[in-house]
Colleague: 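Have a look at the structure that comes next, please.
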Amino acid sequence: MKKYYNLRLFGDKISFLVNRKALITFLLLAAAAAGVFVISTGTGEMKISPLKVVQVFFGGGSDMDRLIIQSFRLPRIIVALMVGMALAAAGGILQGIIRNPLASPDIIGITGGASVAVVGFLAYFSDKNNALTVSINWMPLAAFAGAAILAFLVYFLAYKDGVSPIRLVLIGIGLASLMKALTTLMMVFGPIYQASQANIWITGTVYGSNWDNVAILVPWTLVFLVLAFILARNVNIQELGDDIAMGVGSTVQKYRFLLLMVSTALIGGAVAFGGGIGFVGLMAPHMARRMVGSAFGALLPASALIGGILVMAADLIGRTLFSPLEIPAGVFTASIGAPYFIYLLFKTRNA
């Protein structure tokens, strides 16, 4: 008989049952994330041992180690961690409310909305000499605005006496295709340098992250992750179907809208600072489901940790494997994601 632990955070705001296996798995994932974080911080053209990295974290270490870690590596790795956690948690929420294991930020077009906004930003604010007339620091705001507008548009078009999961995903797929076409069109008619810059962003990269990005992204991501965990039990109920959910007293449409907005906020923050990193929101919840089961009280935190590990690892590979060249992290998340889903297909071919 499984032993369950009733976890409570912030009083009773977050309260859910987690079995012993899920709790142990979560602790192992947290340890793995911490390990990848330390290894990634110490790896680069100048290698720094894990012990020295930890010393820098606690205010010690040499001046050179502190300069390299605090000024160059740490902001980038923190952004990678937050981007991965946000995309993975948002992907888990979308799979729950849409009741489709293939749902992801890419599928319902939210990432596509951000991509159109970024390419449009680069096109509109470029002068005749192909130089930007405003600061590049405004680009994350454009990305978030594009993601938010697209999410509201999907919800509005899908609404008909409430929003059903099938309408949500079908309209999302249609708008995602439209956003992709608009992005390609603007890149074709824009200057060559703009197409190259936009394509790197669309692929997904945390290159150039700084402490200003960290100061914005960390509180934003943590606030909406907490909201996602608070609402996790409502995802469990929605997976039972609208009729059963309403039968047990859940206000389905209200929570579906709230969950969609929380996932949009997570996706918007992630794509604003990490670009259109693919497969994380699709792959991490599947991995977590195989490890801790389908109860969202355990699934969302596990998904978030797996997502953080994936993006940190992809960024580490991208900046070290072909050094001195920098390969966008999104290239490697896709490289991991495609074989993983082929493996899943092979494993479930007789199901």
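The basis for the numbers below is simple: all heavy atoms, side chains too, and nothing from hydrogens, waters or symmetry mates. Along the sequence shown, the residues carry numbers beginning at 1.
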Colleague: Is there a side-chain contact between Ser40 and Arg319 in this structure, where contact means two heavy atoms from C-beta onward sitting under 4.5 Å apart?
Modeller: yes
Colleague: Are Leu178 and Leu175 packed together at the side-chain level, in the sense that at least one heavy-atom pair is separated by less than 4.5 angstrom?
Modeller: yes
Colleague: If the condition is salt bridge (Lys or Arg N to Asp or Glu O under 4.0 Å), which residues does Arg76 pass it with, not counting sequence neighbours?
Modeller: Asp315, Glu326
Colleague: Would you say Val214 and Met82 make side-chain contact, with heavy atoms under 4.5 Å?
Modeller: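 They are not in side-chain contact.
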Colleague: Any side-chain heavy atom of Val83 sitting closer than 4.5 Å to one from Leu217?
Modeller: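 Yes; the side chains approach each other to less than 4.5 Å.
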Colleague: Donor-acceptor pairs under 3.5 Å, side chain of residues 257-284 to any protein atom, not counting sequence neighbours: which ones?
Modeller:
residue, atom, partner, partner atom, Å
Ser263, OG, Leu259, O, 3.2
Ser263, OG, Leu260, O, 2.8
Thr264, OG1, Leu260, O, 2.7

Colleague: Got Thr41 and Ile48 here, is their nearest side-chain heavy-atom distance under 4.5 Å?
Modeller: no
Colleague: Side-chain contact, heavy-atom cut-off 4.5 Å: Asp65 with Gln55?
Modeller: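 Of all side-chain heavy-atom pairs linking Gln55 with Asp65, none is under 4.5 Å.
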Colleague: Is any side-chain heavy atom of Trp211 less than 4.5 Å from a side-chain heavy atom of Ile78?
Modeller: yes
Colleague: Should Leu157 and Arg167 be marked as a side-chain contact (heavy atoms from CB on, under 4.5 Å) after you check the CA-CA gap, both sets of side-chain angles, and the distance that decides it?
Modeller: CA-CA 9 Å; Leu157 293 176; Arg167 283 203 302 271; over 6 Å; no
Colleague: Assess the residue pair Ile327 and Tyr207 against the criterion (side-chain contact (heavy atoms from CB on, under 4.5 Å)); give the C-alpha distance rounded to whole Å, side-chain angles, the decisive distance to 0.1 Å, and a yes or no.
Modeller: CA-CA 9 Å; Ile327 307 299; Tyr207 175 77; over 6 Å; no
Colleague: Answer yes or no: is there a side-chain heavy-atom contact under 4.5 Å between Phe121 and Leu141?
Modeller: no
